[in-house]
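The structure appears below as structure tokens.
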Amino acid sequence: MSETIVDRLRVARELYDAVPLYDPKRTPVAIDLTDNTNLWGMPPRAEATLRAIPLARITRYPSLYAAELKAALADYVGTTPDQIVTGCGSDDVLDSALRAFADPGELVAATDPTFAMVPIFARMNALESVLISERADHTADLQALAATGARCIYVCSPNNPTGVTVPRTDLEWLLANSRATVIVDEAYIEFGGESAVPLTASHDRLLVVRTMSKAFGLAGLRIGYAIGAPALVAAVEKSRGPYKVNALAEQVALAALRNDLPWVREHIALAIANRDRLTLALREMGLAPVPSSANFVCVPVANAVAVGLAMRAHGVGVRPFPALPKLGDTLRISAGPWELMEECLRVLRLAMSEVRA
Ligand SMILES: *Cc1c(COP(=O)(O)O)cnc(C)c1O
């Protein structure tokens, strides 16, 4: 066979050769503080609903675009259903949004560090991406992001992995000073910071992405959504396609939104209290955690990868990030029940002394 025929027989697009398969190497560990899910569990009425779902639901397709869930989410965020799009996790919404907003070869700009999936989704959609280092105070460099001229700008507030927020007035500046479609990821907004949702009423280039994986404790059911102007949201919905929220997920999410908000709010308050207590305890160890508005704490620790492995050997999983811009080696620790935080602190001290030795 000639070279050209062999080339034509490639089984996948060439650009996929450079796309890594996302794998944060999450092996089972007794106390898992790696993924910022709700460590108190799932809300009670959501659980009761899941256990009681008639199996007949499973033989039929779910709703096309989760109309009932959109209505409940609109009540929760204070918008109308035509300003909401749902998806199979907010990952699905982000992926669909990038595909909807930018043509192949166009540029997506994001802060560095931020959510690791963004450059991966950009690549999967044949987009270029550029990461702009955060400022020394760990805030997003919005001037530099605007100056990229990118078709799409992604900011995360509170940011993963730092927990630092972007004020609403700064987002207004970004919208006024760039022509990009701006995606604001509010996966952790329930734990702190000003939501950008009110800006969607007056800005048709702003999509605010949210999830039920963190505060609502439903990560395994994969329920994400976004808020934006009706025309913007409609474009994301076309790019997303039908049936992406499965029948179980929609029923459980509805139960959580209609009946479990007091439980969710109570556990948000606990997560915030324990995050702040954890921050203080880390400071008392002589460390310098970044003040966080999320349900996790990012703390610079020398040799973070080795410390993270040593902690795992003692039964506590945290997420190491080697060599982050402006931070260096850090650990990201999810906030949960205080007994878990105490065990994490004990094992962190132990692991740091083992790695130093
Ligand atoms: C966890 C997380 C998500 C993913 O949420 P899913 O809805 O579970 O896909 C999105 N963005 C950020 C910043 C996250 O940390």
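In listed order, ligands and their atoms are each counted from 1.
Between Glu250 and Lys70, no side-chain nitrogen of the basic residue sits less than 4.0 Å from a carboxylate oxygen of the acidic one, so the salt-bridge criterion is not met. At a threshold of 4.0 Å, the pair Glu47-Arg51 counts as salt-bridged, since one of the basic side-chain nitrogens sits closer than that to a carboxylate oxygen. The pair Glu237-Arg240 does not count as a salt bridge, with every side-chain nitrogen at least 4.0 angstrom from each carboxylate oxygen.
Between Tyr188 and Phe296, the ring center distance clears the sub-6.0 Å criterion.
Scanning all heavy atoms of the two residues, the minimum distance from Leu127 to Leu98 falls at CD1-O, 3.7 Å.
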Can you list every pair where an N/O of ligand 1 is under 3.5 Å from an N/O on the protein?
{"unit_1": "ligand 1", "atom_1": "5 (O)", "unit_2": "Ser90", "atom_2": "OG", "d": "2.9"}
{"unit_1": "ligand 1", "atom_1": "7 (O)", "unit_2": "Ser90", "atom_2": "N", "d": "2.6"}
{"unit_1": "ligand 1", "atom_1": "7 (O)", "unit_2": "Ser90", "atom_2": "OG", "d": "2.9"}
{"unit_1": "ligand 1", "atom_1": "7 (O)", "unit_2": "Thr211", "atom_2": "OG1", "d": "2.5"}
{"unit_1": "ligand 1", "atom_1": "7 (O)", "unit_2": "Ser213", "atom_2": "OG", "d": "3.3"}
{"unit_1": "ligand 1", "atom_1": "8 (O)", "unit_2": "Ser213", "atom_2": "OG", "d": "2.6"}
{"unit_1": "ligand 1", "atom_1": "8 (O)", "unit_2": "Arg222", "atom_2": "NH1", "d": "2.7"}
{"unit_1": "ligand 1", "atom_1": "8 (O)", "unit_2": "Arg222", "atom_2": "NH2", "d": "3.4"}
{"unit_1": "ligand 1", "atom_1": "9 (O)", "unit_2": "Ser90", "atom_2": "N", "d": "3.1"}
{"unit_1": "ligand 1", "atom_1": "9 (O)", "unit_2": "Asp91", "atom_2": "N", "d": "3.0"}
{"unit_1": "ligand 1", "atom_1": "9 (O)", "unit_2": "Asp91", "atom_2": "OD1", "d": "3.2"}
{"unit_1": "ligand 1", "atom_1": "9 (O)", "unit_2": "Arg222", "atom_2": "NH2", "d": "2.8"}
{"unit_1": "ligand 1", "atom_1": "11 (N)", "unit_2": "Asp185", "atom_2": "OD1", "d": "3.4"}
{"unit_1": "ligand 1", "atom_1": "11 (N)", "unit_2": "Asp185", "atom_2": "OD2", "d": "2.7"}
{"unit_1": "ligand 1", "atom_1": "15 (O)", "unit_2": "Asn160", "atom_2": "ND2", "d": "2.8"}
{"unit_1": "ligand 1", "atom_1": "15 (O)", "unit_2": "Tyr188", "atom_2": "OH", "d": "2.6"}
{"unit_1": "ligand 1", "atom_1": "15 (O)", "unit_2": "Lys214", "atom_2": "NZ", "d": "3.2"}

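One hydrophobic cluster, built from ILVMFWY side chains closer than 4.5 Å, cannot hold both Val209 and Phe216; they sit in different ones.
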